[in-house]
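Reading through the structure tokens given below for one structure.
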Amino acid sequence: MPHPPGGLRVSGHLHGVVSNTRADPARVLEELKRQTLEQLGGLPGSLYGPIEDALKADSLKGDGRNHQFEDQAALWVLRQQQASHVMAFRQQIAQGFEAYRASAAAVGGVGGSPLQLVGEQQLAFDLDGERLIELLESRYQRPLEMVRARLQMLAQALGAPDGVNPIGPYRLVRAFTSVYTEAQVTESLRVRLFRQYEHELARLLGDMYARINQLLATAGYGMATGAPPAGPARAAAEERRDRNTLDGVFDTVPHREAPASVPHDYQQGSFPPAPGQGAGAGYAAQGAPVSQVEVAAMAAELAELRTQLHAWREGLVKTGGLPPGHQPQRTMAQRRELRVDEVVGMASLLQPEPPDAFARALAVSGRLGETIRDQLYDGARRLGFNPDQTCFSPEEDDAIDLVALLFDSLFRNHALQDRARRVYARLVMPYVKVALTDNEVFVKREHPARRLLDAITEACEGNDGETPQDRDLLERASEISQRIVSDYNEDLAVFELAHAELDAMLSQHRRRIELQEQRAAKATYGRERLGAARSQADQAVRDRIGDGKLTSAVADFIATPWRHHLVQVLLRENEDPKRRAQAMALGDALVMADKLAAENRGRELADQLLALQPIIIQCLSSSGLDESAAQHAMAGLVRALATPDKERSDHPQPSAAEVEEDVAEERRRYLDDAAAQGGHDPLLAERMRQLEPGDWLRLTSLQGETIAVKVAWLSPLTSRLLLVNRRGVRALVASAEELAVLASNGRLVVGAERTAFDEAMRQVRRHLDRVI
């Protein structure tokens, strides 16, 4: 039998052994779609039965809830449309594969986005969808990383850009929410739908992702097992250095997908298990089982990180970047490597002491590692060790440097205020102990110490303590850091309890942020509508004043009260063409009245003014004049037109400079005049237009301050993007062209991670790569 067009002979389901040749990528993608639809195509129809059973059980309890009848009625309607819901869901899944085949830009048709100005129900579905996406990405991080790495290879073979993962959480959740765009669903039923959908995905996704990974590896899209990569860190660094300028602006992974690290395929046992992998290493912090593949992937990622770190440290030694006392001296016979328990003992001795030295080090980039070693050497002397006869092992050096780089990155890239520095300074030594005894903290997203640091950063980032809620958050973060110092004795349960406490407080904070983002979007939209109305009114004034010479009274009336009235009508009555036409006609009628006066056609002028009197009074009233003042202004206008030989002249045109006044200050923070006046890269601008609400970016001001910002809203009027910081506060409103200019100048990078720890580790890897 001839081989298929990729060189690999496979069965109908593409199962088999790993080969060095690859199957036809289009055929593989089609098989992926078939298996995905086979596994998930019955959703959401399978949700309604369990929900109905739960509603019946609640009604039998007789708990007095008044929404059960409404829920049952809404569910009955959904069940009548079950076939169409399943079909719509399957179409959305299939469209995800077609979009992936065509282009990374073709991601349409998967429902709304979180902060579009849409109905309350759609907004609620979008917000719940975002939460479910985050949960699924966290739960299935490792298999998703493998799927993404292999799909990248598949996309290259197809000759298409790497797009959104068609079986990733973003696609699966958006396909689900799009089904209910027009449905009438009660709030409590929506909660039940999401809960049941999450339950069904949890039942299916683990096995499905394992099958997909096996299918791709079997088809040749993945490294052959048993062949560990040669120099993975250096190869990755060389790959990143070889990217062109455009790719340097964008990280390799969309914000909704797994982090950018790409694990390789290893046989079990290719690397020793990472420290801290004991009997419970096969389970995540939440109790979810971790497969051997995931364990191997974490070990591989840690090995790659260490390779990068060693190369970085060797570079510093060669260039004299390390102080002489801190350079590795293990080759000298008289120096003994300290055992981990000895270094942990030193750290335990220093843990309760004031963190002043660490606070000072955090104020200066690159000093924290040196300070940690100085403090540990001091602890060694106090415990009776001679620093001239001992040294840290390579693993201990790794732990110290990674903690130092991590904390330094957190403080540099997350807009932390000075008052937060002491909170982090207290945590330095406890986290050194964590890194010494369990370095999975650097590669395992669910690690309790990692999650706590994320929560503390969320509480402190951009928090200047202006509101009582913000001050409470800062105080709670400070209390928790002190508790870690006093209670941590190599038992990670301390971190879990502290995280649970702080996260409960942050849940209310996150809701405030969501509301703040919505308010920022609505306020921005309101300003844009006002700007658009002013622009239309200004053009209408120009059209009428510029037609010929007018009396000052008529020109002033058109330029001020009539313009203001027209703006109000356009804002409030824009959907009423009759009111809009009436307001426009007033301006034309005033110009005609002036012409009648100039031609001494008194009777016609009198008839014109009598007909216009009610709408002129209404126009003057909309400018804030009471009836008496409006009548007085009307009389002045009549007197001015009563004299045929009244002087008539040209009048200045209105300026539209005020339209952009509200964003001028923001732009001055990020875009200097020279850059603003220069051109933009059209390709970069097109990439910026592909950004969607929820995408994270890193924005650097002209003063060098870098913050993470999120695309919160896309304007339907101007297509500008609203960027907000992690606290939901508006940071910048800019067009795709302006963002392209920022990116060209190195002040905008797309692809910040969702959590502070992930983003800090990404920055650590980028920092290490620059030296390799």
Side-chain angles (χ1 to χ4, degrees), residues 36 40-41 43-48 51 74-75 78 85-86 88-96 99 107-141 144 163-205 208-209 253-258 507 510-511 513-518 521 691-696 710-714 722 724 726 728 753-755:
T36 302
L40 305 180
L43 299 172
S46 62
L47 309 179
Y48 302 148
I51 293 176
L75 183 63
L78 293 182
H85 290 168
V86 171
F89 182 78
R90 291 176 67 89
Q91 287 175 343
Q92 292 293 341
I93 296 296
Q95 285 176 13
V107 294
V110 285
S113 48
L115 286 174
Q116 297 280 7
L117 294 177
V118 295
E120 291 294 327
Q121 175 174 299
Q122 186 60 45
L123 180 61
F125 265 98
D126 289 335
L127 292 174
D128 287 347
E130 286 293 316
R131 297 187 188 100
L132 182 54
I133 290 168
E134 291 185 10
L135 175 66
L136 294 174
E137 284 178 343
S138 175
R139 182 178 296 170
Y140 299 104
Q141 179 194 0
L144 279 169
V164 177
N165 184 350
I167 56 172
Y170 174 71
R171 272 289 181 189
L172 298 181
V173 173
R174 289 304 177 208
F176 171 71
T177 57
S178 69
V179 171
Y180 301 98
T181 301
E182 305 297 334
Q184 297 299 317
V185 179
T186 64
E187 181 178 357
S188 54
L189 181 57
R190 186 192 74 247
V191 173
R192 290 180 184 272
L193 283 168
F194 269 97
R195 187 184 303 141
Q196 189 63 32
Y197 186 58
E198 178 189 344
H199 174 77
E200 292 297 317
L201 290 180
R203 183 175 62 84
L204 297 170
L205 284 187
M208 190 184 84
Y209 285 150
V253 184
H255 82 285
R256 299 179 180 91
E257 302 306 322
S507 62
R510 295 182 190 112
R511 180 57 183 161
I513 289 176
E514 291 174 358
L515 295 174
Q516 180 69 27
E517 290 178 2
Q518 295 170 37
L691 294 172
E692 296 181 351
D695 284 321
W696 283 95
K710 183 175 74 171
V711 179
W713 176 70
L714 301 177
L722 168 65
V724 299
R726 289 192 186 271
E753 294 284 357
R754 266 199 178 85
T755 67

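Remember, predicted model here, so these are calculated numbers, not experimental data.
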Please report the shortest heavy-atom distance between [X] and [Y], naming the atom on each side.
| X | Y | value |
| --- | --- | --- |
| Arg171 | Ala99 | NH2-CB, 3.5 Å |
| Gln184 | Ala74 | O-CB, 3.8 Å |
| Val86 | Gly45 | CG2-N, 3.6 Å |
| Leu43 | Leu47 | CD2-CD2, 3.9 Å |
| Ala712 | Pro693 | O-CB, 4.1 Å |

Fill in: Sole candidate of Arg726, Lys710, Arg511 that passes salt bridge (charged side-chain N to carboxylate O under 4.0 Å, His left out) when paired with Glu517
Lys710
Mind checking the [atom1]-[atom2] spacing from [X] to [Y]? Nearest 0.5 Å is all I need.
| X | Y | atom1 | atom2 | result |
| --- | --- | --- | --- | --- |
| Thr177 | Ile133 | OG1 | CD1 | 7.5 Å |
| His199 | Leu204 | NE2 | CG | 9.0 Å |
| Trp696 | Leu691 | CH2 | CG | 13.5 Å |
| Leu189 | Ile51 | CG | CD1 | 6.0 Å |
| Glu198 | Leu205 | CD | CG | 10.5 Å |

Item to complete: Could you please spell out the steps behind the salt bridge (Lys or Arg N to Asp or Glu O under 4.0 Å) verdict for Arg174 and Glu692?
Response: CA-CA 13 Å; Arg174 289 304 177 208; Glu692 296 181 351; over 6 Å; no
Taking side chain as C-beta onward, heavy atoms only, is [X] less than 4.5 Å from [Y]?
| X | Y | answer |
| --- | --- | --- |
| Leu132 | Pro169 | no |
| Phe194 | Arg131 | no |
| Ile513 | Val724 | no |
| Tyr170 | Asn165 | no |
| Ile167 | Ile93 | no |
| Glu130 | Leu127 | no |
| Leu40 | Leu172 | yes |
| Leu193 | Asp128 | no |

Worksheet entry | Check: Gly168 main-chain N/O paired with Tyr140 side-chain donor or acceptor under 3.5 Å |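 It does not hold such a pair.
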Worksheet item: Taking the side chain from Ser138 and the backbone from Leu135, do they hold a donor-acceptor pair closer than 3.5 Å?
Response: no
Practice prompt. Take Glu200 and Arg203 through the salt bridge (Lys or Arg N to Asp or Glu O under 4.0 Å) test and state the conclusion after the steps.
Written response: CA-CA 5 Å; Glu200 292 297 317; Arg203 183 175 62 84; 2.6 Å; yes
Worksheet item: Which word best sums up how the rings of Tyr180 and Phe125 line up, parallel for under 30°, tilted for 30 to 60°, or perpendicular for over 60°?
Response: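 If you compare the ring of Tyr180 with that of Phe125, the planes turn out parallel.
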Practice prompt. Go through the steps to decide whether Glu514 and Gln518 satisfy the test side-chain hydrogen bond (donor to acceptor under 3.5 Å, both in side chains), and finish with yes or no.
Written response: CA-CA 6 Å; Glu514 291 174 358; Gln518 295 170 37; 5.2 Å; no
Item to complete: For Arg90, enumerate each residue passing the salt bridge (charged side-chain N to carboxylate O under 4.0 Å, His left out) test, keeping only those at least two apart in sequence or located in another chain.
Response: none
